[in-house]
Each structure stands twice: as structure tokens, then as C-alpha cells.
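Given the structure is predicted, the values throughout are model-derived calculations rather than measurements. In this chain, residues are counted from 1 in sequence order.
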Amino acid sequence: MAKLEFKVVVNDPEAEPRPLGVKVKVVGKEDIPFDKEAELDRRTRLPVARVNARLLEAAKAEYKIITIRRKVKEGDEVKKKTVHVVAAVDENVPEGEVWINKDLAVNVFGEESFEGEVFRTKAFQITIEGENARKFIGKRIGETVPASILGIETLKGLQLEIRGGSDESGFPMRPDIPGPVKKRALLSGPPGFWPREKGERRRKTVRGNTISEDIVQINTKIVKQ
């Protein structure tokens, strides 16, 4: 039997939706731990970065989770490459720098060191497995679980409120359909149907409001107790 796992999308409702970012130099270091399979391939945990405390203050990163972004010109397009990291305070790091593992820098951004920007992470995705994943089973939209199940030290003491989810076919959970069911329902709005005309209704396949092993992605937001 396959191990139970969920992709959990975590939203920080207090983060800016379109942050300007703090300009930094990102420097790749060999002595910062990095596990490519866990942190990039399977995303069962976030990579670690070392930063100066004043940079976290400038980014208003209350939970010490930040996004590193680099804009790269490819032909006529400017593409944004990003990685979400947990920031560890290290006063040896200059205020205008962020240190990450060298291999992480190369894998995500293509270079060991570069000019970029950081900001408080608005949303990130992490995969949880086994017993931690099982704590979601039977939970309904609107209910909470401890944020500590993500394995992120800076989120301990907080809660994750379940906002929705979807199964492997992309059928969304709806708060108005009870139970861990899959059914066709007559819908007049999202999730599951976005009407093009006023009053339009369609019968669509959706999931109920309760998490079961058939759900693959769970959408949450951070809430304080």
C-alpha cells in the first residue's frame, strides 16, 4: 500500500500579495545543508538560507519564511525564478546578502551568486507524509490542524485552517457538500464552476467538504491561536 501523502498549499494572509522585494546579493555556500530530493524534487521540506536579522525586519518576515526571486532575461522575455526558504539568522551574513547552498543556487537559478530580491512568502507548497498526513483525514473545510505537522520550526504554535482542496483529477472540494464524497452537483458559482452569464448553472463533478485519502492537494492558511 502506498504511503499516504498530501500536497499542502500554505497561504500567509498577512503577506503582501504583490511585494516589491528587498534587493540582495545571493551567495552560494558549500557548508549550508541541502537535500535535493527532499527540498526540490519531492518538496517534503523547505531549504534553509542564512540571513542577517535586519534583512528579516526589512522584509517583515514574521515567520522567517522568505522567497528569493531572480529576474532572468531569456530572449525577449523576462522570467522570474524563485525558491521559498526558511531563514536562519546569522550575524556573520552582511545585511545586504542572503546565503544559500551552492548546489541549490545552481539548480534553481543557474549560478552560484547573483543579484536578486527577497520578500515575505505569500504562499508555498510542501508535501507531508505518513502520520502527519493522516492528521488531515476526516477534517472539514474551516477546521484547523497544528502547523507543526509541516515540520517547520518557525510555525510551531500556529494553526492551519483548511480552505479547500482537490483530488487527482482536479475536482475541487466544496464547503456546502457534506462528507468525503464525490458527486455531480448543480452549481451556480465556484469552486468547480465559473459562470459566464448571470444566473448560469451547470452540473459538475465535485468533492465534499471532508478530507479523505482521495484528496491530493489541501489548501490552507496560517492562523494564530
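Using a cutoff of 4.0 Å between basic side-chain nitrogens and carboxylate oxygens, Arg207 and Asp214 are scored as salt-bridged. Glu77 and Lys71 are not joined by a salt bridge, as no carboxylate oxygen comes within less than 4.0 angstrom of a charged side-chain nitrogen. Taking 4.0 Å as the cut-off between side-chain N and carboxylate O, Asp176 and Arg174 count as a salt-bridged pair. Between Glu153 and Lys156 a salt bridge is recorded (basic side-chain N to carboxylate O distance below 4.0 Å). At a threshold of 4.0 Å, the pair Lys29-Glu112 does not count as salt-bridged, since none of the basic side-chain nitrogens sits closer than that to a carboxylate oxygen. Using a 4.0 Å cut-off between charged nitrogen and carboxylate oxygen, Lys25 and Glu97 do not count as a salt-bridge pair.
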Show me the side-chain donor-acceptor pairs of residues 192-200 shorter than 3.5 Å, one per line, residues at least two apart or across chains.
residue, atom, partner, partner atom, Å
Glu200, OE1, Arg196, N, 2.8
Glu200, OE1, Glu197, N, 3.2
Glu200, OE2, Arg202, NE, 3.4
Glu200, OE2, Arg202, NH2, 3.0

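Summarising the local packing, CD of Glu16 is surrounded by 12 or fewer heavy atoms from other residues, nucleotides or ligands at distances under 6.0 Å. For Leu186, the CG atom sits in a packed shell: over 12 heavy atoms of surrounding residues, nucleotides or ligands are nearer than 6.0 Å.
Residues Ile126 and Ile149 share a single hydrophobic cluster, defined by chaining ILVMFWY side chains whose heavy atoms lie under 4.5 Å apart. Note: the hydrophobic cluster containing Phe171 does not contain Ile141 (ILVMFWY, side chain heavy atoms under 4.5 Å, direct or indirect links). Linking ILVMFWY residues whenever their side-chain heavy atoms come closer than 4.5 Å, directly or via other members, leaves Val9 and Val145 in distinct clusters. Under the 4.5 Å side-chain heavy-atom criterion for ILVMFWY residues, no single connected hydrophobic cluster contains both Ile218 and Val223. Leu4 and Ile162 fall within a single hydrophobic cluster, where Ile, Leu, Val, Met, Phe, Trp and Tyr side chains are chained together by heavy-atom contacts under 4.5 Å.
Using a 4.5 Å cut-off on side-chain heavy atoms (C-beta onward), Tyr63 and Ile222 make contact. Under the 4.5 Å side-chain criterion, counting only non-hydrogen atoms from C-beta, Glu39 is in contact with Phe34. Counting heavy atoms from C-beta on, the side chains of Val216 and Lys7 never come closer than 4.5 Å. A 4.5 Å side-chain heavy-atom check between Val10 and Leu150 finds at least one atom pair inside the cut-off. Contact check for Phe114 versus Val27: no side-chain heavy atoms found under the 4.5 Å cut-off. With contacts defined as side-chain heavy-atom distances shorter than 4.5 Å, the pair Arg203/Leu187 does not qualify. Side-chain contact between Ile100 and Val26 is present, with heavy atoms from C-beta onward closer than 4.5 Å. Side-chain atoms of Lys36 and Asp41, non-hydrogen and from C-beta on, do get closer than 4.5 Å to each other.
Scored by the salt bridge (charged side-chain N to carboxylate O under 4.0 Å, His left out) test, Arg120 finds Asp12, Glu14, Glu62 as partners (sequence neighbours excluded).
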Open item on the list: Working note: Glu111 + Lys102, criterion salt bridge (Lys or Arg N to Asp or Glu O under 4.0 Å); need CA distance, chi angles, decisive distance, verdict.
Closed with: CA-CA 8 Å; Glu111 291 187 63; Lys102 181 177 70 174; over 6 Å; no
Task: Pair Arg70-Val72, side chain to side chain contact (heavy atoms under 4.5 Å, CB included): steps then yes or no - done: CA-CA 6 Å; Arg70 184 189 190 195; Val72 180; 3.8 Å; yes
- [ ] With salt bridge (Lys or Arg N to Asp or Glu O under 4.0 Å) as the test, would you mind laying out the steps for Lys3 and Glu131 before giving the verdict?
- [x] CA-CA 10 Å; Lys3 182 185 292 186; Glu131 288 306 309; over 6 Å; no
TODO: Determine, step by step, whether Val206 and Met173 satisfy the side chain to side chain contact (heavy atoms under 4.5 Å, CB included) criterion, reporting the C-alpha distance in whole Å, the side-chain angles of both residues, the deciding distance to 0.1 Å, and the verdict.
DONE: CA-CA 6 Å; Val206 291; Met173 296 174 63; over 6 Å; no
Task: Verdict with supporting geometry, Thr44 and Glu129, side chain to side chain contact (heavy atoms under 4.5 Å, CB included) - done: CA-CA 8 Å; Thr44 55; Glu129 306 171 308; 4.3 Å; yes
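A side-chain contact (heavy atoms from CB on, under 4.5 Å) with Val83 is found for one member of Ile68, Thr67, Leu46 and no other, namely Ile68. Shown are Val85, Asn101, Asp90; of these, the side-chain contact (heavy atoms from CB on, under 4.5 Å) with Arg50 is made only by Asp90. With Val24 as the fixed residue, the side-chain contact (heavy atoms from CB on, under 4.5 Å) test singles out one of Asn52, Val51, Leu55: Leu55.
Shown here for Ile66 and Ala61, the closest heavy-atom pair between the two residues is CG2-CB, 3.6 Å. Closest approach of Leu155 to Ala147, counting heavy atoms only: O-CB, 3.5 Å. Shortest non-hydrogen contact noted between Ala59 and Phe119 is CB-CA, 4.4 Å. Between Lys81 and Val108, the closest heavy-atom pair is CD-O, 3.5 Å. Nearest heavy-atom pair, Gln217 versus Ile215, reported as atom, atom and distance to 0.1 Å: O-CG2, 3.3 Å. Between Leu104 and Pro47, the closest heavy-atom pair is CD2-CB, 3.6 Å.
In this structure, the side chain of Asn132 does not engage the main chain of Ile128 through any donor-acceptor pair within 3.5 Å.
To the nearest 0.5 Å, atoms CG (Asn219) and OG (Ser166) are separated by 6.5 Å. Here CD of Gln159 is found 4.0 Å from OG1 of Thr144. Values are rounded to the nearest 0.5 Å. Distance CD1/Ile211 to CZ/Arg140: 11.0 Å, rounded to 0.5 Å. Rounding to the nearest 0.5 angstrom, the gap separating the CZ atom in Arg43 from the CD atom in Gln125 is 7.5 Å. For the atom pair Thr220 OG1 and Glu161 CD, the distance stands at 9.0 Å (nearest 0.5 Å). Of the inter-residue distances, the one linking Ser212 atom OG with Asp167 atom CG reads 8.5 Å to the nearest 0.5 angstrom.
Taking the six-membered ring where the residue is Trp, Phe124 and His84 present tilted rings, their angle falling between 30° and 60°.
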